[in-house]
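Values in this document were obtained by computation on a predicted structure and should not be read as measured data.
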Amino acid sequence: WLVGATLSNPRRLFMTNPYRVEVGFVFDAGGKEFALFGEADWIWAIAFDDPENEALGLEIGAPL
């Protein structure tokens with residue numbers, strides 16, 4: 001779904017579990033929200049609604 005999509009509407013992304021910290025950005029892309037973020041030694045490039053994200057308590061913040 002992301003191949004050839006245009007990234008638009010950038011917003012800050014926060015992780016709230018186990019603590020609140022800004023970790024990356026969320027973009028609109030191809031009709032979905034694309035999350036690009038990192039914490040500690042991990043970097044994710046994944047659909048925001050992916051079930052793997054639930055445990056991190058991701059929260060979309062203000063637009064850039």
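Under the rule for a salt bridge (Lys or Arg N to Asp or Glu O under 4.0 Å), the partners of D28 that lie at least two apart in sequence or sit in another chain are R11.
The hydrophobic cluster containing F14, built from Ile/Leu/Val/Met/Phe/Trp/Tyr side-chain heavy atoms closer than 4.5 Å, comprises no other residue.
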Donor-acceptor contacts, no H, no angles, side chain residues 36-51, under 3.5 Å, sequence neighbours left out:
| unit_1 | atom_1 | unit_2 | atom_2 | d |
| --- | --- | --- | --- | --- |
| E39 | OE2 | Y19 | OH | 2.6 |
| D50 | OD1 | E52 | N | 2.8 |

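Here the side chains of I60 and E33 are in contact, with some heavy-atom distance below 4.5 Å. Contact annotation: the side chain of V26 never approaches that of L58 to less than 4.5 Å [non-hydrogen atoms, C-beta and beyond].
Among pairs with a residue in residues 16-25, those fulfilling salt bridge (Lys or Arg N to Asp or Glu O under 4.0 Å) read R12-E22, R20-E59, at least two apart in sequence or across chains.
Closest heavy-atom contact between L2 and A29: CD1-CB, 3.6 Å. A pairwise comparison of heavy atoms in A5 and G30 identifies CB-N, 3.7 Å as the closest pair.
One hydrophobic cluster, built from ILVMFWY side chains closer than 4.5 Å, cannot hold both F27 and L13; they sit in different ones.
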